[in-house]
Amino acid sequence: MQKYIQFADALSAWFGKAFAWLIILMTIGMSYEVMVRYLFNRPTPWALDISFIMYGTLFMMGGAYTLSRGGHVRGDFLYRLWSPRTQARVDLVLYFLFFFPGILALIFAGWKYAARSWSYGEVSVNSPAGIPIYQFKTVIVAAGILLFLQGIAQVMRCIICIRTGTWPPLAHDIEETETILMHQETHDQPHGPA
């Protein structure tokens, strides 16, 4: 199980980090649009579509990475009070009741939308540029498959926690800014009388 968890975490991380570069491309594209729109009064017909496509792709392809790092929002006002074994049991049930059916629906519906879109070379109707969007519909399927593979790893984490009573450690290559600031405050405070 550990090998599969490591594989799924590494796969999710690779895709999440690779698609994170879209932020840079989006920033450059939107900066260019602002410049030509407001300085030269020549707006581009593609800016809105490209920003939607890049942001949507970033969001979708980052889902499995976020799941692998425990970064999705959870209503943990009760959850955090439970023992790890209880948390794992609840998570295990919820993965099978909600996560996997939802992800399978995403994959199959995405496949249908993508196949239809590819069949007639769908373009965006939001701008006169006619930006192709069939490749963006394919991202729905790819993101669903990545989430499904990562979901299997999360189920394995639950099983390990139920057996051992402790959660297997998550990879920590990212950290919330507020957590970093809290650690800095703790280290910067004087310890005891001088």
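Since we're looking at a predicted model, the values are computed, not measured.
In the hydrophobic cluster analysis, where Ile, Leu, Val, Met, Phe, Trp and Tyr join through side-chain heavy atoms closer than 4.5 angstrom, Y113 is grouped apart from V141. Under the 4.5 Å side-chain heavy-atom criterion for ILVMFWY residues, a single connected hydrophobic cluster contains both M60 and I23. Criterion: ILVMFWY side-chain heavy atoms under 4.5 Å apart, direct or through other members. Under it, F59 and W21 are not part of a common hydrophobic cluster. When hydrophobic clusters are built by joining Ile, Leu, Val, Met, Phe, Trp and Tyr residues whose side-chain heavy atoms come closer than 4.5 Å, directly or via intermediates, V139 is not grouped with W118. I160 and W82 are members of different hydrophobic clusters when ILVMFWY side chains are connected at heavy-atom separations under 4.5 Å.
Judged purely by atom type and a 3.5 angstrom limit, W167 has no side-chain atom pairing as donor or acceptor with the backbone of C161. Not a single donor-acceptor pair under 3.5 Å links the side chain of R42 to the backbone N or O of V36. Side-chain atoms of E33 come within 3.5 Å of backbone N or O of T44 as a donor-acceptor pair. With hydrogens and angles disregarded, no donor-acceptor distance shorter than 3.5 Å links the side chain of S117 to the backbone of A114. With hydrogens and angles ignored, the 3.5 Å screen pairs no side-chain donor or acceptor of Q150 with any backbone N or O of S12. Judged purely by atom type and a 3.5 angstrom limit, R69 has no side-chain atom pairing as donor or acceptor with the backbone of A13. Under a 3.5 Å cut-off, the side chain of T66 and the backbone N or O of G62 do form a donor-acceptor pair.
Across all their heavy atoms, I162 and A88 have their closest contact at CG1-CB, 3.6 Å. Across all non-hydrogen atoms, the minimal contact from L92 to C158 is N-SG, 3.9 Å. Closest non-hydrogen pair, P168 versus Q2, comes out as CB-NE2, 4.5 Å. Closest non-hydrogen pair, Q154 versus L67, comes out as NE2-O, 3.6 Å.
By the side-chain hydrogen bond (donor to acceptor under 3.5 Å, both in side chains) test, T27 is found to be paired with no residue, residues two or more places apart in sequence or in another chain being considered. With sequence neighbours excluded, no residue forms a salt bridge (Lys or Arg N to Asp or Glu O under 4.0 Å) with D49.
Separation of atoms CG (L58) and CZ (F19) is listed at 9.5 Å; rounding is to 0.5 Å. Between M26 atom CE and S51 atom OG the span is 6.5 Å, to the nearest 0.5 Å. M54 CE to M30 CE: the interatomic distance, rounded to the nearest 0.5 Å, is 6.0 Å. Here the straight-line distance linking atom OG1 of T86 with atom OH of Y79 works out to 10.0 Å at 0.5 Å rounding. The structure places CD1 of I5 at 11.5 Å from OG of S68, a figure rounded to the nearest 0.5 Å. Within the model, atoms CD1 of I107 and CH2 of W111 stand 10.5 Å from one another, a figure rounded to the nearest 0.5 Å.
Heavy atoms of other residues, nucleotides or ligands lying less than 6.0 angstrom from CZ of F98 number 12 at most. Around the CZ atom of R163, the shell of radius 6.0 Å holds no more than 12 heavy atoms that belong to other residues, nucleotides or ligands.
Using modelled atom types, one finds no donor on one side chain facing an acceptor on the other under 3.5 Å when comparing D9 with Y65.
Here the side chains of Y4 and L149 are in contact, with some heavy-atom distance below 4.5 Å. Here the side chains of F7 and K3 are not in contact, with every heavy-atom distance at 4.5 Å or above. A 4.5 Å side-chain heavy-atom check between K137 and K112 finds every atom pair outside the cut-off. Counting only heavy atoms from C-beta outward, the side chains of I131 and V123 never approach each other to under 4.5 Å.
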Give the C-alpha distance, both sets of side-chain angles, the deciding distance and a yes or no for side chain to side chain contact (heavy atoms under 4.5 Å, CB included) between F96 and V155. CA-CA 9 Å; F96 285 104; V155 164; 4.1 Å; yes

Criterion side chain to side chain contact (heavy atoms under 4.5 Å, CB included) on Y134 and T138, from CA distance to verdict: CA-CA 7 Å; Y134 48 86; T138 306; 5.8 Å; no

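Residues F148 and F100 place their aromatic rings such that the two centres sit under 6.0 Å apart.
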